[in-house]
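What follows is one structure encoded as structure tokens, with my remarks underneath.
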Amino acid sequence: MHVGARKADPRRRIFVQLLLIFVLPWFLYALILAVQPVDPLGAWRGDVAWYADHYLTVSQGGLWLPALGHVMFGGIGGVLAAMATGGLVRLGCRLAGARDRSGPVFLLTMILALIWSFTFFKVVPETVTVIDVQARRLEIHDFGVFVRIPAQTRILTGHQIFALELSSITYNRNGARYLRLHALTRGREWVLIGKRPCEVSDEQACLAAADPELLQLARWLGHGDRPLDTTRPGRHIVLAAP
């Protein structure tokens with residue numbers, strides 16, 4: 001017997017596997033974010049890697065909370081879903097007198113749960129607004145609530161937009177303040193095109209800090225010569241030309 005050969009510790013092996021499953025995807029995702037091109041509206045990305053140079057998102061910002069959601073729903077929720085699915089398959093195989101196929105089904109369910117949770121919490125947000133600077137238009141892509149598949153796409157050109165409005169909202173459950181960016185069409189329809197957390201708690205300071213981003217978007221849409229209206233409480237507005 002070879003004295004130097006020792007059996008691998010199963011707990012260490014499981015720890016390494018979990019590290020690769022949950023940490024490596026987020027490490028690679030953060031690396032992709034780090035090499036994204038510089039964007040004047042980068043604060044509105046919500047830490048989402050997208051194919052366009054200029055875009056806004058409606059998503060959960062940051063990486064820590066989405067990563068925690070990935071662990072909870074993809075890991076713990078995935079195990080529970082896999083156990084339930086595997087149990088049903090095992091029962092069906094017994095009733096049919098067939099070979100037990102619950103093992104592969106358990107593994108497949110876990111893999112799908114991990115992929116779904118990673119996609120749901122970060123890779124694909126609720127809404128992505130792509131800014132086409134050359135055409136002076138917004139392409140608003142909405143995705144499904146629970147399954148992040150394309151739901152609808154709206155295109156708003158600069159001349160269709162009557163105003164851009166920057167406002168704030170406070171969520172009572174945690175007291176966090178968020179900025180919201182809407183486009184008002186000439187048909188008097190408000191369209192949410194972006195959302196991001198405030199870096200300061202004061203509402204006026206939060207709005208003022210985002211004014212350059214609002215004006216930059218207005219310039220890209222052909223409304224750069226219009227003044228910024230800050231007289232309305234909790235709202236900063238850029239009106240389009242008549």
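All values below come from the heavy atoms of this structure, side chains included, with hydrogens, waters and symmetry mates left out.
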message: Under the criterion salt bridge (charged side-chain N to carboxylate O under 4.0 Å, His left out), I'd like the reasoning laid out for E199 against R177: C-alpha separation, chi angles, the key distance, then a yes or no.
response: CA-CA 9 Å; E199 297 178 357; R177 184 180 298 277; over 6 Å; no
task: Show your working on side-chain contact (heavy atoms from CB on, under 4.5 Å) between E189 and V191 and close with a plain yes or no.
output: CA-CA 6 Å; E189 178 185 3; V191 180; 4.3 Å; yes
query: Does the side-chain contact (heavy atoms from CB on, under 4.5 Å) test come out yes or no for L184 and I161, once each step is laid out?
result: CA-CA 6 Å; L184 175 62; I161 298 175; 5.9 Å; no
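The pair D39-R45 counts as a salt bridge, with a side-chain nitrogen and a carboxylate oxygen less than 4.0 angstrom apart. Under the 4.0 Å criterion applied to side-chain N and carboxylate O atoms, R235 and E203 are not assigned as salt-bridge partners.
Between R137 and the options I155, V130, I131, a side chain to side chain contact (heavy atoms under 4.5 Å, CB included) holds for only I155.
Residues T185 and L156 are in side-chain contact: their nearest non-hydrogen atoms beyond the backbone lie under 4.5 Å apart. With a 4.5 Å cut-off on side-chain heavy atoms, Q160 and R186 do not count as touching. When side chains are defined from C-beta on, I237 does not count as touching L166, because their heavy atoms never get closer than 4.5 Å. At least one side-chain heavy atom of P40 sits less than 4.5 Å from a side-chain heavy atom of H54. Taking the side chain as every heavy atom from C-beta outward, I140 and T153 never approach each other to under 4.5 Å. Counting heavy atoms from C-beta on, the side chains of P125 and V58 never come closer than 4.5 Å. Taking 4.5 Å as the limit, every side-chain heavy atom of L138 sits out of range of all side-chain heavy atoms of W220. In this structure the side chain of L112 never reaches within 4.5 angstrom of the side chain of M110, judged on heavy atoms.
We find the CD-CG distance between E213 and L164 to be 13.0 Å, quoted to the nearest 0.5 Å. Taking OG of S167 as the reference point, atom CG of L179 lies at 8.0 Å (rounded to 0.5 Å). With rounding to the nearest 0.5 angstrom, the NZ atom of K122 is 10.5 Å from the CZ atom of R148. Put simply, CG on D229 and CD on E165 are 10.0 Å apart, with the number rounded to the nearest 0.5 Å. Atom-to-atom distance recorded for L56:CG and R180:CZ is 14.5 Å, nearest 0.5 angstrom. Atoms CG and CZ, on L65 and F121 in that order, are 10.0 Å from each other to the nearest 0.5 Å.
Contact record, D47 with L33: O-CD1, 3.6 Å, taken as the closest heavy-atom pair. The two residues K195 and S59 come nearest to each other via the heavy atoms CE-O, 4.5 Å. The minimum heavy-atom distance between Q204 and G234, with the atom names listed, is NE2-N, 4.1 Å. Taking each heavy atom of A209 and P212 in turn, the nearest pair found is O-CD, 3.5 Å. Across all their heavy atoms, G144 and A151 have their closest contact at N-CB, 4.2 Å. The shortest non-hydrogen separation linking G74 to S117 is CA-OG, 3.3 Å.
Linking ILVMFWY side-chain heavy atoms closer than 4.5 Å, directly or via other members, places W26 and W50 in a single hydrophobic cluster. No path of Ile, Leu, Val, Met, Phe, Trp and Tyr side chains, each step under 4.5 Å between heavy atoms, connects L88 with F106, placing them in separate hydrophobic clusters. Under the 4.5 Å side-chain contact rule for hydrophobic residues, L214 and L239 do not share a cluster. Under the 4.5 Å side-chain heavy-atom criterion for ILVMFWY residues, a single connected hydrophobic cluster contains both L107 and I115. Using a 4.5 Å cut-off between side-chain heavy atoms of Ile, Leu, Val, Met, Phe, Trp and Tyr, with links allowed through other members, L63 and M72 fall into different hydrophobic clusters.
The number of heavy-atom neighbours closer than 6.0 Å to CZ of F22, taken from other residues, nucleotides and ligands shown, is above 12. The 12-atom threshold is not exceeded at CZ of F27, counting heavy atoms of other residues, nucleotides or ligands nearer than 6.0 Å.
Side chain of T85 to main chain of A82: no donor-acceptor pair is present (N/O by atom type, distance under 3.5 Å, no hydrogens or angles). Using modelled atom types, one side-chain atom of T129 and one backbone atom of I193 make a donor-acceptor pair closer than 3.5 Å. The backbone N or O of W44 sits less than 3.5 Å from a side-chain atom of T57, completing a donor-acceptor pair. In this structure, the side chain of Y55 engages the main chain of V48 through a donor-acceptor pair within 3.5 Å. In this structure, H223 contributes its side chain and G158 its backbone to a donor-acceptor pair below 3.5 Å. Y29 places a side-chain N or O within 3.5 Å of a backbone atom of A49 that can act as its donor or acceptor partner.
Taking the six-membered ring where the residue is Trp, F143 and H141 present tilted rings, their angle falling between 30° and 60°. Ring geometry, H182 versus W190: the interplanar angle exceeds 60°, so the pair is classed perpendicular (tilted spans 30 to 60°).
Note that R188 lies in the cation-pi zone of F162, set by a 6.0 Å cut-off to the ring centre and a 45° limit from the axis.
Counting only N and O atoms by type, the side chains of D211 and H236 include a donor and acceptor under 3.5 Å apart.
Aromatic ring centres of F118 and H70: separated by under 6.0 Å. Taking the six-membered ring for Trp, F146 and F120 have ring centres at least 6.0 Å apart.
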